[in-house]
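Here the structure is laid out as structure tokens; the discussion comes afterwards.
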Amino acid sequence: MADYFDIESLLSTEQIIVRDAIRGFVDLEVRPRIDSFAQDHQEIPNLMKKLGEIGALGPFIPQSYGGAGLDYIAYGLIMQELEAGDSAVRSAASVQSSLVMYPIYNFGSEAQKRKYLPALASGSLIGAFGLTEPNHGSDPASMETRLTKDGDGFRLNGAKMWITNAPICDVAVVWARDESNQVRGVIVEREMKGFSTPETLNKWSLRASKTGELVFDQVFIPKENVLPDVKSMRGPLSCLNSARYGISWGVIGAAIDCYEVALKYAKERQQFGKPIASFQLQQKKLAEIITEITKAQLLSWRLGVLKNEDKATPQQISMAKRNNVNMALQVAREARQILGAMGIVGDYPIMRHMMNLESVITYEGTHDVHLLITGQDITGISAFE
Ligand code: TGC
Ligand code: FAD
């Protein structure tokens with residue numbers, strides 16, 4: 001994979017071994033068939049179990065709970081390799097790891113950790129994360145989903161929308177306001193009465209990932225399924241920090257895939273009796289692409305070092321997510337042009353990456369929201385209030 005500034009020499013042997021193992025998995029299990037699954041609007045069969053087998057689920061969770069006990073740079077590299085295959089594959093791993101396992105590990109009881117984490121790490125349980133609602137996307141603090149006391153437990157009412165893996169999830173970590181208006185996290189299980197998960201169809205993006213709603217109609221939640229250790233927006237927003245960090249790495253994989261395909265094509269495709277790579281306009285595109293990829297790699301690597309030292313701020317993570325996703329989307333657009341008409345067909349991955357990245361630039365905080373987070377950080381004035 002493209003590595004213009006020799007980032008590899010900054011990696012440990014363990015990080016390289018992990019990266020290469022995931023790369024091998026993507027070459028074998030994703031690249032040969034992802035186009036047909038995406039065209040058919042289907043996820044790769046048994047994807048979560050396969051991701052569990054290669055240690056891609058909850059890699060930063062300690063081994064005692066079924067995780068791999070890896071550091072955050074290794075987690076980033078896993079996301080990079082998976083997203084080089086398809087953003088849907090990275091999405092599956094990042095939701096399971098950062099949005100389902102992370103909150104159970106950080107805010108759950110010992111019993112919840114023992115019950116759910118090993119099964120989520122192996123992929124025998126599929127998790128979903130419910131924060132966004134039909135009326136509240138960028139402003140999740142205004143959520144309407146409610147948790148009210150009922151005997152020895154609670155009743156959950158409301159709906160979440162645009163939820164990755166909702167139609168196929170076994171469990172969902174769902175955020176709701178309780179009667180004291182505090183934000184609580186609950187673990188909803190598939191078989192709970194009153195819980196349904198209608199699928200959202202006709203997407204032009206992330207077609208190899210299932211998306212849907214989580215609907216709660218008087219769902220009884222036993223008190224054992226409430227996360228005990230968080231009672232504010234800090235809960236869901238901390239999960240987002242972990243997922244956004246992974247996305248900042250993941251999209252580099254998608255961008256490199258587009259770049260490598262475009263570079264090879266430009267050297268082979270002849271027009272006016274010469275390879276199109278010999279034309280200055282095409283060289284400008286390719287040179288700018290590798291420059292932007294390199295800047296993004298350095299940003300994510302440095303963020304990973306800070307994260308391993310527990311020093312990465314949410315605002316730094318926002319900057320990296322925003323910059324790198326936008327970079328990857330621009331790279332995909334430029335790379336697709338280098339392929340001319342060939343760029344629009346599924347024989348090449350670029351158009352699929354481009355369409356996926358339109359979701360990635362929207363979810364986990366939109367491009368605009370992350371800019372405003374930086375704006376707030378540097379001015380001390382919130383544009384949200
Ligand atoms: P604000 O008043 O600033 O803060 C409320 C409380 O939260 C704390 N906090 C954070 N804690 C940890 N990490 C962060 N990044 C945090 N940001 C804020 C804050 O300290 C405070 O704590 P406390 O204890 O004092 O109460 O919050 P706000 O309501 O004004 O919102 C700020 C804003 C707009 C930045 C936030 O709402 C936001 O990030 N909105 C974007 C929503 C979003 O990203 N949704 C993502 C949904 S999940 C998803 O998209 C999954 S896609 C998965 C896939 O397929 O890969
Ligand atoms: P809105 O918040 O309505 O925003 C619309 C536009 O207004 C955007 O351009 C936005 O930047 C802009 N805007 C909003 N507020 C401001 C402001 N203050 N200043 C300036 N501009 C503003 N959510 C989950 O909880 N779990 C999931 O698993 C999940 N998976 C997803 C999978 C896919 C494929 C997609 C597309 C989304 C997913 N989401 C998930 C939801 C995602 O997080 C939201 O779509 C996102 O947070 C934006 O919310 P919204 O779509 O309601 O847009």
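Both counts, for ligands and for their atoms, begin at 1 and track the order of listing.
Taken from CE in Met192 to CG in Asp217, the straight-line distance is 14.5 Å, to the nearest 0.5 Å. Distance OG/Ser242 to CE/Met101: 11.0 Å, rounded to 0.5 Å.
Counting only heavy atoms from C-beta outward, the side chains of Leu120 and Ile104 approach each other to under 4.5 Å.
Not one N or O of Asp139 is nearer than 3.5 Å to an N or O of ligand 1, by distance alone. By the 3.5 Å distance cut-off applied to N or O atoms, Phe384 is not counted among the residues near ligand 1. Residue Gly365 has no nitrogen or oxygen atom sitting less than 3.5 Å from a nitrogen or oxygen atom of ligand 2, judged on distance alone. Where the criterion is an N or O separation shorter than 3.5 Å, residue side chain and backbone included, Trp162 meets it with respect to ligand 2. Distances between N or O atoms of Ser138 and those of ligand 2 include at least one value under 3.5 Å. The N/O atoms of Ser359, backbone and side chain alike, include none that comes under 3.5 Å of an N/O atom in ligand 2. Residue Thr164 places at least one N or O, backbone or side chain, under 3.5 Å from an N or O of ligand 2. Polar contact check, Thr164 against ligand 1: a nitrogen or oxygen pair lies under 3.5 Å apart.
Remark: atom 1 (P) of ligand 1 lies closer than 4.0 Å to no protein heavy atom. Distance check on atom 21 (C) of ligand 1: every protein heavy atom falls at or beyond the 4.0 Å cut-off. For atom 5 (C) of ligand 2, the protein comes within 4.0 Å by no heavy atom at all. Note that atom 41 (C) of ligand 2 has protein non-hydrogen atoms nearby, at separations under 4.0 angstrom. Checking atom 9 (N) of ligand 1 against the protein gives a heavy-atom contact under 4.0 Å.
For atom 17 (C) of ligand 2, the candidate residues are Asn135, Leu131, Asp368, Leu372; the nearest heavy-atom contact is made by Leu372.
Atoms of ligand 1 found under 4.0 Å from any heavy atom of Ser91, numbered from 1 in the order shown, are 54 (C), 55 (O), 56 (O). Using a 4.0 Å cut-off to heavy atoms of Phe129, the atoms of ligand 1 that qualify are 48 (S). Near Leu99, meaning under 4.0 Å from one of its heavy atoms, ligand 1 places the atoms 51 (C). Ligand 1 places these atoms under 4.0 Å from at least one heavy atom of Ala141: 29 (O). Interface atoms of ligand 1 facing Leu240, defined by a heavy-atom separation under 4.0 Å, are 43 (C), 44 (O), 45 (N), 46 (C), 48 (S). Within ligand 1, the atoms closer than 4.0 Å to a non-hydrogen atom of Val95 are 53 (C), 54 (C), 55 (O), 56 (O), numbered from 1 in the order shown. Those atoms of ligand 1 that come under 4.0 Å of a heavy atom in Met233, given as number and element, are 5 (C), 6 (C), 7 (O). Every atom of ligand 1 with a heavy atom of Asn241 under 4.0 Å away is listed here by number and element: 12 (C), 13 (N), 14 (C), 15 (N).
Remark: minimum distance from atom 43 (O) of ligand 2 to any protein heavy atom is reached at Thr132 OG1, 3.5 Å. Nearest non-hydrogen protein atom to atom 49 (O) of ligand 2 is Gly137 CA, 3.3 Å. Shortest contact from atom 23 (P) of ligand 1 to any protein heavy atom: Ser232 OG, 4.0 Å. Atom 18 (N) of ligand 2 has Phe384 CD2, 3.9 Å as its closest protein atom, hydrogens excluded (heavy atom only). Looking at atom 26 (N) of ligand 2, its nearest protein heavy atom turns out to be Phe129 O, 2.9 Å. Of all protein heavy atoms, the one closest to atom 11 (O) of ligand 2 is Thr366 OG1, 2.7 Å. What sits closest to atom 50 (O) of ligand 1 on the protein, heavy atoms only, is Glu364 N, 2.9 Å. Among protein heavy atoms, the minimum distance from atom 33 (C) of ligand 2 is reached at Tyr363 CD2, 3.6 Å. The closest protein non-hydrogen atom to atom 47 (C) of ligand 1 is Thr132 OG1, 3.6 Å. The protein heavy-atom contact nearest to atom 35 (C) of ligand 1 is Ile373 CD1, 3.6 Å. Closest to atom 51 (O) of ligand 2 among all protein heavy atoms lies Thr362 CG2, 4.5 Å. Remark: minimum distance from atom 52 (S) of ligand 1 to any protein heavy atom is reached at Tyr363 CG, 3.4 Å. Closest protein heavy atom to atom 17 (N) of ligand 1: Leu237 CD1, 3.4 Å. Residue, atom and distance of the protein heavy atom nearest to atom 37 (O) of ligand 1 are Pro140 CD, 3.4 Å.
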Determine, step by step, whether Arg302 and Gln316 satisfy the side chain to side chain contact (heavy atoms under 4.5 Å, CB included) criterion, reporting the C-alpha distance in whole Å, the side-chain angles of both residues, the deciding distance to 0.1 Å, and the verdict. CA-CA 10 Å; Arg302 174 64 188 151; Gln316 288 169 333; over 6 Å; no
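No side-chain donor-acceptor contact under 3.5 Å links Gln282 and Tyr265. Remark: the Thr164 side chain and the Tyr363 side chain contain no N/O donor-acceptor pair separated by less than 3.5 Å. Checking Ser248 against Ser300 by side-chain atom types alone, a donor-acceptor pair falls below 3.5 Å. Between the side chains of Gln218 and Asp150, no donor-acceptor pair of N or O atoms lies under 3.5 Å.
If you look at Arg90 next to ligand 1, the close heavy atoms, those under 4.0 Å, all belong to the side chain. Residue Leu206 touches ligand 2 through its side chain alone, judged by heavy-atom distances below 4.0 Å. Counting heavy atoms closer than 4.0 Å to ligand 2, residue Lys160 contributes nothing at all. Of the heavy atoms in Ser138, only backbone atoms (N, CA, C, O) come closer than 4.0 Å to ligand 1.
Proximity of Gln315 to ligand 1 is not established, as no heavy-atom distance is less than 4.0 Å. In this structure, Arg244 counts as a contact residue of ligand 1, since one of its heavy atoms falls inside 4.0 Å of the ligand. Ligand 2 lies nowhere less than 4.0 angstrom from a heavy atom belonging to His367. In this structure, Gly137 is part of the shell of residues with a heavy atom less than 4.0 angstrom from ligand 1.
None of Arg190, Glu213, Lys160 except one satisfies the side chain to side chain donor-acceptor pair (under 3.5 Å) rule with Thr197; the exception is Arg190.
Both tests hold for Lys113 against Tyr105: distance to the six-membered ring centre under 6.0 Å, angle to the ring axis within 45°.
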